[in-house]
Engineer: 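Please find one structure pasted underneath; my questions will follow.
FYI, side chains are in, hydrogens and waters are out, and symmetry mates aren't considered; it's all heavy atoms of this structure. Order of the sequence lines fixes the chain letters, A, B, ..., with proteins taken first and strands second; residue numbering starts at 1 for each chain.
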Number of protein chains: 2
Amino acid sequence: MAVVQKHLGSSQQAYEVLKRRILSMELLPCAPLGEQKLAGELGISRTPIREALMRLASEGLVELVPNRGGMVAPIRLDFVSAAQFVRESLETAIAHEASQKIDAIGELSLRQTIEEQKLANREGAVELFYQSDERMHRRISEIAGRPLVWQHIVDAKSQMDRARRLNLQGAPSFDALISQHERIINALVAKDADEITQAMHEHLRQILPDMKALQESNPEYFAVND
Amino acid sequence: MAVVQKHLGSSQQAYEVLKRRILSMELLPCAPLGEQKLAGELGISRTPIREALMRLASEGLVELVPNRGGMVAPIRLDFVSAAQFVRESLETAIAHEASQKIDAIGELSLRQTIEEQKLANREGAVELFYQSDERMHRRISEIAGRPLVWQHIVDAKSQMDRARRLNLQGAPSFDALISQHERIINALVAKDADEITQAMHEHLRQILPDMKALQESNPEYFAVND
DNA sequence: GATTGTATACATGCATGCAATAATGCACAG
DNA sequence: CTGTGCATTATTGCATGCATGTATACAATC
């Protein structure tokens with residue numbers, strides 16, 4: 001949930017730093033997270049670290065074993081699959097609402113993100129592409145008048161994001177993604193309900209087939225299947 | 001005083017107790033939540049209370065003001081609306097999958113929940129009805145093979161649940177809800193995609209119209225609209 | 001009488017101490 | 001050489017102390 005606060009406490013700061021490092025794969029899955037060590041690195045005491053770790057554990061990004069401490073949660077295929085289902089369901093429903101409300105200004109802002117992505121693609125700027133991609137999807141939620149629903153998507157998405165980042169690093173050509181984005185925007189503008197569903201489906205479901213290959217190339221990041 | 005189980009941490013206990021009390025409206029919206037007061041009531045120290053409050057705050061059930069402490073989050077109409085959207089989108093998508101996979105055993109278990117609800121209705125057992133309702137929806141997720149997605153629904157739903165509980169207390173006749181449930185189950189068994197969508201729509205969207213009346217009869221539980 | 005400045009009281013936010021628990025290393029027996 | 005039992009060690013989980021920041025009450029002033 002969107003929390004606005006003026007002065008950032010150490011606890012909040014630790015939470016944000018750790019979450020960013022986990023999602024960016026700077027802290028790799030299964031990396032140990034000792035309270036003492038983290039407290040030393042961040043220059044604060046164990047208490048705010050503990051609070052941050054517990055929040056991250058409730059989001060599924062950290063696994064805590066009682067009396068044994070924590071580690072960055074390994075990627076679980078079944079969690080990723082559930083997150084994908086949530087994302088596709090919500091974003092498809094949002095897209096249908098957005099198509100009913102989109103105006104010229106909304107369309108322009110979406111077309112602009114496409115230009116950003118083409119630029120990032122030409123220059124091989126993975127991080128910029130990633131951010132613009134995110135911005136486009138969020139913008140659609142805003143156009144639909146569902147900004148709060150976007151937060152739910154972000155929460156669900158966090159499991160997928162790490163796998164996605166691995167994937168993007170490997171294949172630095174975003175042509176396919178860009179044309180999928182264009183298809184989505186065109187469908188929105190055309191208010192073509194079936195085409196919206198198909199376009200979102202094609203775009204968001206692409207992650208799943210890559211997952212198996214990803215697990216084989218980086219098995220150390222994945223949990224054993226239960 | 002809470003009975004502390006040996007193998008469960010105090011922090012987890014505090015979280016569960018507070019969450020249950022908030023969702024059941026035993027702790028009313030806008031009730032103050034002082035750390036030491038709660039620590040005294042639960043017979044533990046402030047640290048695990050703090051951890052519980054922060055987790056609940058990240059779920060939107062508690063509002064924390066820096067240096068001022070916390071209170072039970074007031075019900076926000078825009079949050080409820082977002083939660084309703086999430087729930088309807090996900091449960092409808094789940095229902096479509098469930099209709100492809102349901103077998104005689106699954107149907108039987110759903111019909112059984114209907115019987116539970118009719119019984120609870122006859123006896124005016126609000127709590128039992130509530131639990132059986134929950135069980136039926138969760139069962140559909142299991143039939144669809146999406147038990148993990150149900151967790152996302154539960155998370156989103158928590159905002160709605162308090163309002164819903166207020167509502168159920170006021171109108172202790174569940175005839176309409178039961179017939180809606182029957183319509184959903186029949187649509188699942190018939191594998192009628194349009195009817196599934198319509199039935200879920202009718203059932204899950206019923207909450208929204210009641211919200212306005214609820215806010216007028218209990219304004220003290222709601223946040224002022226931003 | 002209303003308003004503002006100040007002092008007090010109180011709650012939070014973080015650091016640290018202490019007990020309990022699980023992992024680790026080592027000795028010793030088989 | 002290997003497996004088991006014990007002592008050691010390191011880490012978590014919780015309690016508590018101290019500092020910071022806010023609200024409140026009261027008094028002084030306009």
Side-chain angles (χ1 to χ4, degrees), chain A residues 1 3-19 21-22 27 29-74 223-224, chain B residues 1-19 21-22 27-74 223-224:
Chain A
M1 305 306 161
V3 180
V4 182
Q5 45 182 27
K6 196 168 54 176
H7 182 251
L8 258 65
S10 297
S11 172
Q12 185 75 12
Q13 228 164 344
Y15 168 77
E16 287 171 7
V17 167
L18 289 174
K19 183 165 185 175
R21 291 190 184 167
I22 291 173
L27 282 170
C30 299
L33 296 171
E35 291 181 3
Q36 205 116 249
K37 198 171 160 202
L38 291 173
E41 286 175 14
L42 296 181
I44 56 181
S45 79
R46 285 173 43 221
T47 305
I49 297 285
R50 260 186 81 68
E51 293 164 350
L53 289 179
M54 292 189 68
R55 277 182 70 183
L56 292 167
S58 73
E59 294 178 31
L61 293 176
V62 163
E63 283 193 7
L64 291 176
V65 182
N67 292 315
R68 291 233 352 214
M71 67 174 191
V72 179
V224 286
Chain B
M1 294 299 169
V3 178
V4 181
Q5 295 180 9
K6 201 90 169 77
H7 62 290
L8 241 72
S10 298
S11 172
Q12 187 75 12
Q13 286 275 331
Y15 168 77
E16 287 170 8
V17 167
L18 289 174
K19 183 166 186 175
R21 290 191 185 167
I22 289 172
L27 283 170
L28 294 171
C30 299
L33 296 171
E35 288 182 4
Q36 22 201 19
K37 196 172 161 203
L38 292 172
E41 286 175 14
L42 297 181
I44 56 181
S45 80
R46 285 173 44 222
T47 305
I49 298 287
R50 262 186 77 69
E51 293 165 350
L53 289 179
M54 291 188 70
R55 277 182 69 183
L56 291 167
S58 73
E59 294 179 30
L61 293 176
V62 163
E63 284 193 7
L64 290 176
V65 182
N67 292 314
R68 290 231 357 216
M71 67 174 191
V72 180
V224 285

Engineer: Let's see if you get this right: which residues in residues 39-52 of chain A place a heavy atom under 4.0 Å from DNA chain C?
Structural biologist: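 Result for residues 39-52 of chain A: A:Ile44, A:Ser45, A:Arg46, A:Thr47, A:Pro48, sorted by number.
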Engineer: How many Å lie between CG on B:Leu38 and P on C:dA11, as a whole number?
Structural biologist: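 Answer to the nearest Å: 12 Å.
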Engineer: Using atom names, set out every protein N or O paired with an N or O of nucleotides 8-10 of chain C below 3.5 Å, distance rounded to 0.1 Å.
Structural biologist:
none

Engineer: How long is the line joining CD of B:Glu35 and C1' of D:dA15, in whole Å?
Structural biologist: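 Taking atom C1' of D:dA15 as the reference, CD of B:Glu35 is at 13 Å.
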Engineer: Enter the distance from B:Leu53:CG to A:Glu51:CD here, rounded to the nearest 0.5 Å.
Structural biologist: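 Output value for this atom pair is 10.0 Å.
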Engineer: Return the CZ to CG distance between B:Arg55 and B:Leu18, rounded to the nearest 0.5 Å.
Structural biologist: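 Reported value, rounded in 0.5 Å steps: 11.0 Å.
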Engineer: About how many Å separate OG of A:Ser45 and CD of A:Gln36, when rounded to the nearest 0.5 Å?
Structural biologist: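 It comes to 10.5 Å.
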Engineer: Quickly work out the B:Leu64 CG to C:dC14 P distance and round it to whole Å.
Structural biologist: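 B:Leu64 atom CG is separated from C:dC14 atom P by 12 Å.
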Engineer: Take atom NZ of A:Lys37 and atom P of D:dT12, then tell me their distance rounded to the nearest Å.
Structural biologist: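 Answer to the nearest Å: 11 Å.
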Engineer: Figure out the CE/P separation between B:Met71 and C:dT12, and round it to whole Å.
Structural biologist: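 Going from B:Met71 (CE) to C:dT12 (P), I get 14 Å.
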Engineer: Which is more 5' along DNA chain D, the nucleotide nearest B:Gln12 or the one nearest B:Arg68? Just name the residue.
Structural biologist: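 Its nearest nucleotide lies further toward 5', so the answer is B:Gln12.
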Engineer: What's the verdict on side chain to side chain contact (heavy atoms under 4.5 Å, CB included) for B:Val72 and B:Leu28, showing C-alpha distance, side-chain angles and the deciding distance?
Structural biologist: CA-CA 7 Å; B:Val72 180; B:Leu28 294 171; over 6 Å; no
Engineer: Compare all side-chain heavy atoms of A:Glu59 with those of A:Lys19 and state whether any distance is below 4.5 angstrom.
Structural biologist: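 Yes, side chains in contact.
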Engineer: Could you measure the distance from the CD atom of A:Glu35 to the CZ atom of A:Arg50? Nearest 0.5 Å is fine.
Structural biologist: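 One finds 5.0 Å between CD of A:Glu35 and CZ of A:Arg50.
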Engineer: Would you compute the distance between atom CG of B:Leu27 and atom CG of B:Leu56 and round it to the nearest 0.5 angstrom?
Structural biologist: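 Between atom CG of B:Leu27 and atom CG of B:Leu56 there are 10.0 Å.
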Engineer: Rounded to whole angstrom units, what separation is found between the CE atom of B:Met54 and the P atom of C:dT12?
Structural biologist: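 Checked: the CE to P distance equals 13 Å.
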Engineer: Calculate the interatomic distance between B:Asn67 atom CG and D:dG21 atom P; express it in whole Å.
Structural biologist: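 Going from B:Asn67 (CG) to D:dG21 (P), I get 7 Å.
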Engineer: To the nearest 0.5 Å, what is the distance between CD1 (B:Ile49) and CD (B:Gln13)?
Structural biologist: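 Result: 11.0 Å between the selected atoms.
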Engineer: Whole angstroms only, please: what is the CG-C1' distance between A:Leu53 and C:dC14?
Structural biologist: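 Atom-to-atom, A:Leu53 to C:dC14, this comes out as 16 Å.
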Engineer: Given side chains that start at C-beta, do those of A:Glu63 and A:Pro74 come closer than 4.5 Å, heavy atoms only?
Structural biologist: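 Yes, close enough: below the 4.5 Å cut-off.
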